Amino acid sequence: MIEPRTLKGFRDLLPAQALARERILDIARRVYQSYGFAPIDTPALEYLEILTGKGSDETDKQLYRFVDHGGRSVGLRFDLTVPFARFAAQHVAEIGLPFKRYHMAPVWRGENTQRGRYREFMQCDFDTIGTTSAVSDLETVLVVHDLLVAIGIEKFSVCVNDRRVLTGVLEQLGISDCATAVLRSLDKLAKVPAEQIRAELIAIGVSDSKASRLLEMAGLRGDSHEVLSLLEGFVGTSEIGLAGLAGLRGIVSGSVAAGVPEGRVLIDPSIARGLDYYTGIVIESFLEELPAIGSICSGGRYDNLAGLYTKESLPGVGASLGLDRLLAALEELERIETTTTPAEVFIVYFDSNRLEDYIRIASAIRAAGMNVELYPEPKRVGQQLKYADRKGFRIAIVAGANEFETGTVQIKHLASQSNLIVDWHGDMHILTDAVHSALQADQHGHHL
RNA sequence: GUGGCUGUAGCUCAGUUGGUUAGAGCAUCGGUUUGUGGUACCGAGGGUCGCGGGUUCGAGCCCCGUCAGUCACCCCA
């Protein structure tokens with residue numbers, strides 16, 4: 001016997017989880033499309049040179065790579081951005097600019113696993129390329145917001161910052177040369193005590209007073225307008241810094257115009273994000289009930305997406321939903337529906353002489369747009385109902401010889417065990433309407 | 001990749017200082033004379049104690065390795 005098992009960081013999804021994942025994918029698709037983002041797809045496998053072009057050691061180490069049967073060096077994509085860059089460079093002429101796409105697909109990273117972190121996981125990216133417009137920056141924030149709302153999360157915050165502000169502040173302090181290290185430290189402020197970060201900054205070579213200044217800046221929180229005016233003091237006369245502040249002001253006022261409730265979009269000057277290609281706005285989002293799991297949806301603006309693959313300059317802005325991390329979080333918060341069936345209507349195979357009637361009823365209900373399962377064997381009614389209840393069907397249709405004689409049918413709410421008799425006398429419209437309204441009466445709460 | 005913790009039935013765990021055929025609850029399946037489920041009762045299946053080696057007369061309990069999970073670093077979704 002071969003032991004059935006899966007690789008470290010790779011998992012199977014059972015129906016409850018797979019259904020939850022699909023529901024989120026549906027929601028993401030709907031939200032992305034509502035802003036005009038179009039779907040694309042790219043291969044899982046790319047030429048190695050495409051993936052290593054970016055060249056950071058970190059991604060290099062995490063890359064799944066091998067030589068294929070034709071002797072080509074290939075690798076599995078570790079994000080959706082690099083393949084998109086290649087895609088954009090290859091197809092600019094066909095897609096036209098500006099171009100808005102979304103891409104929801106698995107990616108692979110050979111790094112160590114942790115809660116909500118796997119070696120195979122799904123990302124749901126959306127990006128707008130070919131424009132530097134602040135409108136696209138705002139739209140990116142709004143999409144992140146709408147997405148989390150649509151998923152049904154009430155308690156979350158979308159934190160935004162602008163790299164240009166940080167650049168401006170460092171410029172004013174005269175420490176632009178060690179920007180990467182400084183920003184990496186500041187970025188940890190939410191997780192690590194300030195004193196530890198001060199120590200790190202000093203180790204990098206920042207003076208004590210400048211470290212204090214940086215910590216003060218990165219620690220600013222609260223009302224967006226106040227934070228922005230306080231940031232002015234740190235940015236001083238730096239042109240790039242002022243441009244960043246103007247950008248953030250646009251996000252704040254635009255969010256209000258779009259009807260985003262106050263407090264949902266926050267300015268967080270500590271956010272830098274690791275990727276060094278971000279040049280403008282940066283976005284992260286956190287669940288208030290589980291901030292420790294990290295950012296659920298993040299992104300930002302970059303100057304030049306595809307510089308490695310084309311001479312054409314393609315600026316863009318976008319973000320990515322970490323689907324599997326979100327699912328891990330929702331599961332921990334017990335916000336995942338435990339249903340293991342996608343169908344809401346169950347038909348008991350009661351009278352073995354009436355199989356074709358059951359089939360007829362099932363088809364009619366399906367034609368009316370509902371999901372129906374007919375039990376495959378004429379087993380004991382009790383057993384069938386137990387099965388239906390366990391799986392999470394919402395209603396069951398019970399009809400045996402007596403019902404067929406009187407032209408009725410029982411509609412059972414499985415959760416409440418209540419029973420409804422419907423007189424339909426063979427009129428499918430009456431029956432499907434009754435089933436439909438029975439389902440309406442049985443709406444459940446906000447689970448996924 | 002580095003370090004800490006963990007690993008007994010599908011799940012949650014019990015298993016005394018190493019000592020005979022490894023247990024419970026829940027879940028699954030079947031039954032309680034076949035037209036009605038989440039309760040009750042009866043019964044069944046399911047574990048070479050993650051895997052491999054070592055110490056010992058004897059190991060689920062001790063040692064080493066390995067695989068997997070988890071936490072921290074790192075990085076990120």
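For clarity, every value in this text was computed on a predicted model and none was experimentally measured.
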Could you check whether A:Y102 and A:F37 have their ring centres less than 6.0 Å apart?
no
B:A59 pairs with, by Watson-Crick or G-U criteria that keep both distances under 3.5 Å
none
Across all strands shown, which nucleotide pairs with B:G52 by Watson-Crick or G-U wobble geometry, both distances under 3.5 Å?
B:C64
Calculate the interatomic distance between A:R115 atom CZ and B:A72 atom C1'; express it in whole Å.
13 Å
With a 3.5 angstrom cut-off on both distances, give the Watson-Crick or G-U wobble partner of B:U33, or none if there isn't one.
none
When both hydrogen-bonding distances must be under 3.5 Å and the geometry is Watson-Crick or G-U wobble, what is B:C5 paired with, if anything?
B:G69
Over 12 foreign heavy atoms within 6.0 Å of NZ, A:K8
yes
Ignoring backbone atoms, test whether A:R380 places a side-chain nitrogen or oxygen under 4.0 Å from the OP1 or OP2 oxygen of B:G31.
yes
Please state how far atom CG in A:L7 lies from atom P in B:G69, giving the value in whole angstrom units.
9 Å
Determine, answering yes or no, if A:F350 is stacked on B:G35 under the 5.5 Å centre rule and the 30° plane rule.
no
Can a side chain N or O of A:T113 be found less than 4.0 Å away from OP1 or OP2 on B:A68?
no
A:R390 or A:E403: which one's nearest nucleotide on RNA chain B is closer to the 5' end?
A:R390
Suppose we define a pair by two distances each less than 3.5 Å, Watson-Crick or G-U wobble; what does B:C74 pair with here?
none
Applying the salt bridge (Lys or Arg N to Asp or Glu O under 4.0 Å) test to A:E46, which of A:R86, A:R77, A:R65 qualifies?
A:R86
Does A:Q62 put a side-chain nitrogen or oxygen below 4.0 Å from OP1 or OP2 of B:G1?
no
Rounded to whole Å, how long is the line connecting atom OH of A:Y118 with atom C1' of B:U70?
12 Å
Nearest whole angstrom, please: distance from the P of B:G69 to the CZ of A:R11.
11 Å
Does B:A72 have OP1 or OP2 under 4.0 Å away from a side-chain N or O of A:Q114?
yes
Does a salt bridge link A:R23 with A:D26, judged by any charged N lying under 4.0 Å from a carboxylate O?
no
Looking at the side chain of A:R109, which of B:C76, B:G35, B:C75 is the nearest nucleotide?
B:C76
So what's B:G38 paired with, Watson-Crick or G-U wobble, going by both distances under 3.5 Å?
none
Are any of A:K412's side-chain N or O atoms less than 4.0 Å away from OP1 or OP2 of B:U36?
no
Are any of A:K386's side-chain N or O atoms less than 4.0 Å away from OP1 or OP2 of B:U28?
no
Could you tell me whether A:A401 contacts a base, only the sugar-phosphate backbone, or nothing, with contacts defined as non-hydrogen atoms closer than 4.0 Å?
base
Start at the 5' end of RNA chain B and walk down; is the nucleotide closest to A:R117 or to A:N419 reached first?
A:N419
In whole angstroms, how far is the P atom of B:A68 from the CZ atom of A:R119?
7 Å
Please check if the number of heavy atoms outside A:F66 that lie under 6.0 Å from its CZ is greater than 12.
yes
For B:A24, which nucleotide is its Watson-Crick or G-U wobble mate, given both distances must be under 3.5 Å?
B:U12
Would you please classify the geometry between the A:F346 ring and the A:Y387 ring as parallel, tilted or perpendicular, with 30° and 60° separating the classes?
tilted
Taking the side chain of A:R184 as heavy atoms from C-beta outward, which of B:C76, B:C75, B:U36 is closest to it?
B:C75
Mind calculating the distance between CH2 (A:W108) and P (B:C75) to the nearest angstrom?
25 Å
